[in-house]
2 protein chains.
Amino acid sequence: MKDVKARTVFVPPHRERGAVDACIAEAGLRPTAQRSVVYGVLLNHAKEHPTADEIFMQAKVEKPEISMATVYNCLDALVKHHLVKQVHLDRAATRYCPNMHEHAHFLCEECGEVSDFEGTAKPRTSGFKVPKGFQVTQTEMNMRGVCPDCAKQEATR
Amino acid sequence: MKDVKARTVFVPPHRERGAVDACIAEAGLRPTAQRSVVYGVLLNHAKEHPTADEIFMQAKVEKPEISMATVYNCLDALVKHHLVKQVHLDRAATRYCPNMHEHAHFLCEECGEVSDFEGTAKPRTSGFKVPKGFQVTQTEMNMRGVCPDCAKQEATR
DNA sequence: ATCTGAATTAGAATAATTCTAATTAGTATT
DNA sequence: AATACTAATTAGAATTATTCTAATTCAGAT
């Protein structure tokens with residue numbers, strides 16, 4: 001596997017099964033076997049920002065009977081209970097991100113990797129004019145470009 | 001139709017057929033009848049940020065033989081030649097935007113309307129830490145909340 | 001042990017988009 | 001003006017991600 005540590009600014013710590021269940025319960029969800037597996041997979045692959053399908057394939061390793069519909073159901077439940085965020089870049093399959101700190105997403109246009117950039121976007125200081133009367137409750141910043149690894153490779157060529 | 005003027009911060013001016021063709025040609029594209037219609041529809045409905053399907057329905061009024069595939073082809077061509085931007089919010093159908101000034105998009109979660117907020121996002125001053133080595137070439141800011149009209153209605157209730 | 005509602009499952013259905021192969025239109029060349 | 005060549009358009013099939021449906025299973029409360 002490629003070394004992608006350098007480009008992942010924040011990664012939630014690896015968690016044990018018990019801790020995963022505790023998180024799910026804290027969020028007000030029943031910690032079923034499938035939810036634990038799905039959330040566990042996501043926490044351990046946070047850097048990859050996996051798609052539902054990628055999560056499904058990995059979840060099957062741990063729980064072969066799990067179905068795609070359940071993966072979607074679980075992810076929806078996790079999103080609704082604020083344990084997970086959806087990432088939408090282009091019209092590609094939705095990616096899932098268990099990093100609930102405020103952060104931006106960066107897509108490397110060479111290799112397709114998605115990275116997290118920590119920070120906060122205050123609507124009023126972000127550089128955009130929020131016209132009077134608009135109430136902004138959420139912001140989402142996506143950036144594109146070239147990641148350090150790909151930039152290096154390009155320089156070499 | 002609802003009055004949505006108040007929430008649209010920037011709208012490209014209405015353009016005549018000839019001017020539309022000139023724009024297309026300037027961008028290095030052959031101005032075919034279909035492209036003119038598609039781009040014309042988009043310019044005259046910029047506020048609505050229409051989907052391909054909505055553009056298709058309106059384009060049919062002017063050119064009944066036009067096909068959906070052509071609408072997609074035209075939109076792709078316009079995007080590649082920097083006359084139009086795609087807007088991706090959630091996994092909903094792609095919306096199209098002929099406003100090529102840098103701007104953010106705002107989605108009203110009550111009524112679903114998309115508005116443009118003018119401004120510029122400098123990656124380094126946006127509030128997010130761009131780690132060393134990342135080359136950012138594009139940024140995209142999406143905000144969500146309540147638009148003035150919907151906020152008013154809520155206050156009344 | 002039984003009931004009840006929530007969760008899970010397989011598979012069908014949907015929606016947006018892309019692909020394919022055939023036709024048509026535009027432009028350049030004789 | 002006819003010809004040739006390439007790009008654009010078309011209808012419809014195919015694909016992909018996602019959602020829906022109805023039946024089954026599970027977990028916790030009675």
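The sequence lines fix the lettering, A, B, ..., with proteins before strands; numbering per chain opens at 1. Because the structure is a prediction, the values reported are computed rather than measured.
- B:A69 comes within contact range of at least one nucleobase, with a heavy-atom separation under 4.0 Å.
- Using a 4.0 Å heavy-atom distance criterion, A:T32 is classed as a sugar-phosphate-only contact.
- In this structure, A:T51 reaches neither bases nor backbone, as no heavy-atom distance under 4.0 Å exists between it and the strands shown.
- Comparing the axis of the opening five pairs of the helix from C:dA1-D:dT30 to C:dT30-D:dA1 with that of the closing five pairs yields an angle of 20°, rounded to 10°.
- Rounded to whole Å, the distance from NZ on A:K80 to P on C:dA7 is 10 Å.
- Taking atom CD on A:E65 and atom C1' on C:dA10, their separation rounds to 14 Å, with Å as the unit.
- Nearest to the side-chain atoms of B:R30 among the listed nucleotides D:dT9, D:dA7, D:dA17 stands D:dA7.
- Rounded to an integer number of Å, the gap from A:I55 CD1 to D:dA17 P is 13 Å.
- Contact annotation: A:T70 does not reach the phosphate of C:dT8 (side-chain N/O to OP1 or OP2, under 4.0 Å).
- Between A:Q34 and B:D53, it is A:Q34 whose nearest contact on DNA chain C lies nearer the 5' terminus.
- The side-chain heavy atoms of A:H88 and B:H88, taken from C-beta on, include no pair separated by under 4.5 Å.
- Residues B:V41 and B:V61 fail the side-chain proximity criterion, which asks for heavy atoms closer than 4.5 Å.
- The side chain of A:R91 contributes no N or O atom lying less than 4.0 Å from OP1 or OP2 of D:dA17.
- Rounded to whole Å, atom P of D:dA17 lies 12 Å from atom OH of A:Y96.
- Remark: C1' of C:dA15 and CZ of B:F56 are 15 Å apart, rounded to the nearest angstrom.
- Remark: C1' of C:dA7 and CG of A:L75 are 14 Å apart, rounded to the nearest angstrom.
- Of the candidates D:dT9, D:dA11, C:dT9, D:dA11 carries the atom nearest the B:S67 side chain, counting heavy atoms from C-beta on.
- The shortest side-chain heavy-atom distance between B:S126 and A:M141 falls under the 4.5 Å cut-off.
- No continuous path of ILVMFWY side-chain contacts below 4.5 Å connects A:V146 to B:F128, so the two sit in separate hydrophobic clusters.
- Residues A:E140 and A:V87 fail the side-chain proximity criterion, which asks for heavy atoms closer than 4.5 Å.
- Between A:F106 and A:F117, the two ring planes are parallel [angle under 30°; tilted spans 30° to 60°].
- B:N73 has its CG atom 9 Å from the P atom of D:dT10, to the nearest Å.
- The distance from atom CE of B:M68 to atom P of C:dA15 is 14 Å, rounded to the nearest whole Å.
- Among the nucleotides C:dA10, C:dA7, D:dT18, the one closest to any side-chain atom of A:T94 is D:dT18.
- Atom NZ of A:K80 has 12 or fewer neighbouring heavy atoms from other residues, nucleotides or ligands inside a 6.0 Å radius.
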